[in-house]
Amino acid sequence: MGPPAGQAQEPALPAPTGKVVLTVSGNISKTNRGNLAVFDDDMLGALPRIHLETTTVVTDGVKRFDGFLMRDLLAYVGADGGTVTAIALNDYVIDIPMEDFSRFDVLVATSMDGTRLLPSDKGPLWIVYPRDDHQELQDIRYDYRWVWQLIELDVR
Ligand SMILES: Nc1nc2c(c(=O)[nH]1)N[C@H]1C(S)=C(S)[C@@H](COP(=O)(O)O)O[C@H]1N2
Ligand SMILES: [Mo]
């Protein structure tokens with residue numbers, strides 16, 4: 001017998017060589033460590049680079065964020081589901097509907113105003129919504145989803 005229908009193995013992702021900064025788990029078809037997709041800075045840097053400028057509820061004035069689109073990351077790991085659970089270094093956990101990432105250009109930011117985000121201050125990664133471009137996003141429901149110190153995404 002061949003592999004069960006629908007369980008065809010996708011090509012594996014490259015393996016990280018540096019420190020792992022992001023882990024993607026759950027319903028993904030591309031992996032590089034057991035059932036997980038783990039990323040170091042170089043691997044994240046290979047995703048298309050995007051920037052956006054927006055105010056935030058926790059900083060003053062307009063900030064420039066550089067990073068990659070959440071939907072590009074999710075496509076890269078072959079994510080299939082309705083919800084992404086974002087998990088932070090400080091144990092903050094929140095469910096985000098996957099449709100946010102098709103409806104809006106949601107960024108996973110690696111730097112703010114040209115400086116790499118560090119775990120001591122909102123890093124290594126910060127989920128950033130294009131808040132100033134959409135009135136709908138200027139709402140507490142979305143503020144919850146701006147997870148800083150992001151370290152893991154679980155797709156369900
Ligand atoms: N890692 C992490 N991200 C987080 C939070 C948190 O506690 N930890 N709080 C969330 C909430 S509840 C809101 S409203 C916004 C802004 O948080 P603050 O107003 O408590 O600073 O960040 C979100 N991102
Ligand atoms: Mo909040």
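Each ligand, and each atom within it, is numbered from 1 in the order the structure gives.
Both the backbone and the side chain of Asp143 come within 4.0 Å of ligand 1, judged by heavy-atom distances. The proximity of Trp148 to ligand 1, defined as any non-hydrogen pair under 4.0 Å, involves the side chain as well as the backbone. Under 4.0 Å from ligand 1, the heavy atoms of Asn90 that appear belong solely to its side chain.
Taking a cut-off of under 4.0 Å to the non-hydrogen atoms of Ala88, the atoms of ligand 1 that pass are 1 (N).
For Phe68, there are no ring pair (Phe, Tyr, Trp, His ring centres under 6.0 Å) partners, not counting sequence neighbours.
Under a hydrophobic clustering in which Ile, Leu, Val, Met, Phe, Trp and Tyr are joined whenever their side-chain heavy atoms come within less than 4.5 Å, directly or via other members, Ile94 and Val108 fall into the same cluster.
Considering both main-chain and side-chain atoms, Tyr144 never comes within under 3.5 Å of ligand 1 through any nitrogen or oxygen pair.
In this structure, His134 places its NE2 atom where more than 12 heavy-atom neighbours from other residues, nucleotides or ligands lie under 6.0 Å away. Applying the 6.0 Å contact sphere to CZ of Arg49 captures more than 12 heavy atoms from other residues, nucleotides or ligands.
Considering only non-hydrogen protein atoms, atom 19 (O) of ligand 1 sits nearest to Val58 CG1, 4.1 Å.
For atom 11 (C) of ligand 1, the nearest non-hydrogen atom from the set Tyr92, Tyr142, Trp146 belongs to Tyr92.
A donor-acceptor contact closer than 3.5 angstrom is absent between the side chains of Tyr129 and Asp143.
For residues 74-96, there are no salt bridge (charged side-chain N to carboxylate O under 4.0 Å, His left out) pairs, not counting sequence neighbours.
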